Trainee: 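Here it is, the structure in full.
One is the number of the first residue; the rest follow in order along the sequence. The structure displayed is predicted, hence computed values, not measured ones. All ligand and atom numbering here is 1-based and tracks the order in the structure.
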Amino acid sequence: MFVSLEGPDGVGKTTQAALLAERLRATGLEVVQCREPGGTGLGERVRAVLLDPEATMGDRAEALLFAAARAELTEAVIAPALARGAWVVCDRFIDSSLVYQGLARGLGLESIRAVSLFATGGVLPARTLVLHGVDRRDDEPDRMEAAGADFHARVAEGFLELAALEPDRVRLIDARGSVDEVAARIEQALEDLRP
Ligand code: TYD
């Protein structure tokens, strides 16, 4: 089973991804945790370039670099894990590209969907949890976080738009409240997928 966690920067995804993986493991499931971009040798190198505040690149190059990191992670880690029946919990996946590159950068949903599905060979999460409602961005922004308030407003709106487009796969999770409260909402949104 493949689950991704999504949302604007600093919404608490990473904490929740770790908690979810831990809870699934406690029920005896094999769980592979990953993050995007990254999770492979190539992916971590591409991540360093993508987030480097000194790096300059056009929007299309940026989209293709995210896709390249995703292709490698899918082939090397996610597809083999799914093939042996493990659960995969990924901190960001295809929907980040749809929102950040497709909607916020303005490259278009359809072209980014095509590039991303090419990258993953069609692999898509069974459920995507979009955390929303809080903004805790870092004081030391990386290249993406430094993109400006307008850009980040488009990102927040973009995730809501995606959830409306694919309501079965993409579920909105209110990220306000305690870590435990948010974890319980996540748990509920996965109930129908659990063995
Ligand atoms: P990261 O430090 O992982 O952010 P966070 O902790 O908020 O998840 O940095 C990833 C950044 O890259 C984040 O700003 C979102 C952006 N991103 C894209 O623009 N497109 C993508 O396809 C992915 C996976 C991430």
Trainee: Taking Arg171 for its side chain and Pro167 for its backbone only, find out whether a donor-acceptor pair lies under 3.5 Å.
Mentor: yes
Trainee: Looking at Glu6 and Phe159, would you say the former's side chain and the latter's main chain have a donor-acceptor pair under 3.5 Å?
Mentor: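 Judged by distance alone, no pair lies under 3.5 Å.
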Trainee: List ligand 1 atoms under 4.0 Å from Glu36, heavy atoms only on the residue side.
Mentor: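 That gives atoms 24 (C) of ligand 1.
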Trainee: Hydrophobic clusters here meaning ILVMFWY residues chained together by side-chain heavy-atom distances under 4.5 Å, can you tell me if Val170 and Val88 are in one?
Mentor: yes
Trainee: What distance separates Ile186 CD1 from Arg23 CZ, expressed to the nearest 0.5 Å?
Mentor: 7.0 Å
Trainee: Among His152, Arg92, Arg105, Glu6, whose heavy atom sits nearest atom 8 (O) of ligand 1?
Mentor: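 Residue with the shortest heavy-atom distance to the ligand atom: Arg92.
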Trainee: Distance under 4.0 Å to a non-hydrogen atom of Ser96: what atoms of ligand 1 satisfy this?
Mentor: 20 (N), 21 (C), 22 (O), 23 (C), 24 (C), 25 (C)
Trainee: Determine yes or no for a side-chain-to-main-chain donor-acceptor pair under 3.5 angstrom, with Arg92 supplying the side chain and Leu5 the backbone.
Mentor: no
Trainee: Identify the heavy atoms of Cys90 and Glu36 that sit nearest to each other, and give their distance.
Mentor: SG-CG, 4.1 Å
Trainee: Of all the non-hydrogen atoms in the protein, which one sits nearest to atom 21 (C) of ligand 1, and at what distance?
Mentor: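 Nearest protein contact, heavy atoms only, for atom 21 (C) of ligand 1 is Phe66 CD2, 3.3 Å.
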Trainee: In terms of residue, atom name and distance, what is the protein heavy atom nearest to atom 9 (O) of ligand 1?
Mentor: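 Looking only at protein heavy atoms, the one closest to atom 9 (O) of ligand 1 is Leu51 CD1, 3.8 Å.
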Trainee: Would you say the side-chain atoms of Glu62 pair up with the backbone N or O of Leu50, donor to acceptor, closer than 3.5 Å?
Mentor: no
Trainee: Once you restrict to heavy atoms under 4.0 Å, what part of Val11 touches ligand 1? Side chain, backbone, both or neither.
Mentor: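 Neither; no heavy atom under 4.0 Å.
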Trainee: Give the contacting part of Gln101 toward ligand 1: side chain, backbone, both or neither, where contact means a heavy-atom distance below 4.0 Å.
Mentor: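 Answer for Gln101: side chain.
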Trainee: For ligand 1, note which part of Glu62 has a heavy atom under 4.0 Å away: side chain, backbone, both or neither.
Mentor: neither
Trainee: Have a look at Pro37, Ser97, Gly38 and point out the one with the heavy atom closest to atom 22 (O) of ligand 1.
Mentor: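 Checking each option, the heavy atom nearest atom 22 (O) of ligand 1 is found in Ser97.
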Trainee: State if Lys13 counts as touching ligand 1 under the rule of any non-hydrogen atom under 4.0 Å.
Mentor: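 So Lys13 counts as touching ligand 1.
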Trainee: I'd like to check which ligand 1 atoms, numbered from 1 as shown, lie under 4.0 Å from a non-hydrogen atom of Tyr100.
Mentor: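 In order of number, 14 (O), 15 (C), 18 (C), 19 (O).
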Trainee: Does any N or O in the side chain of Ser111 come within less than 3.5 Å of the main-chain N or O of Leu107, such that one atom is a donor and the other an acceptor?
Mentor: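 Side chain of Ser111 to backbone of Leu107, a donor-acceptor pair under 3.5 Å: yes, one is there.
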Trainee: Using a 4.0 Å cut-off to any heavy atom of Gly10, which atoms of ligand 1 qualify?
Mentor: 7 (O)
Trainee: Which option wins on minimum heavy-atom distance to atom 1 (P) of ligand 1: Met144, Arg47, Arg70?
Mentor: Arg47
Trainee: Tell me the nearest of Leu50, Asp9, Leu98 to atom 14 (O) of ligand 1, using heavy-atom distances.
Mentor: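 Among Leu50, Asp9, Leu98, the closest heavy atom to atom 14 (O) of ligand 1 comes from Asp9.
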Trainee: Which heavy atom of the protein is the closest neighbour of atom 6 (O) of ligand 1, given with residue, atom name and distance?
Mentor: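 Of the protein heavy atoms, Thr14 OG1, 4.3 Å lies nearest.
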Trainee: Is the charged tip of Arg105 near the ring of Tyr100: under 6.0 Å from the six-membered ring centre and within 45° of its axis?
Mentor: no
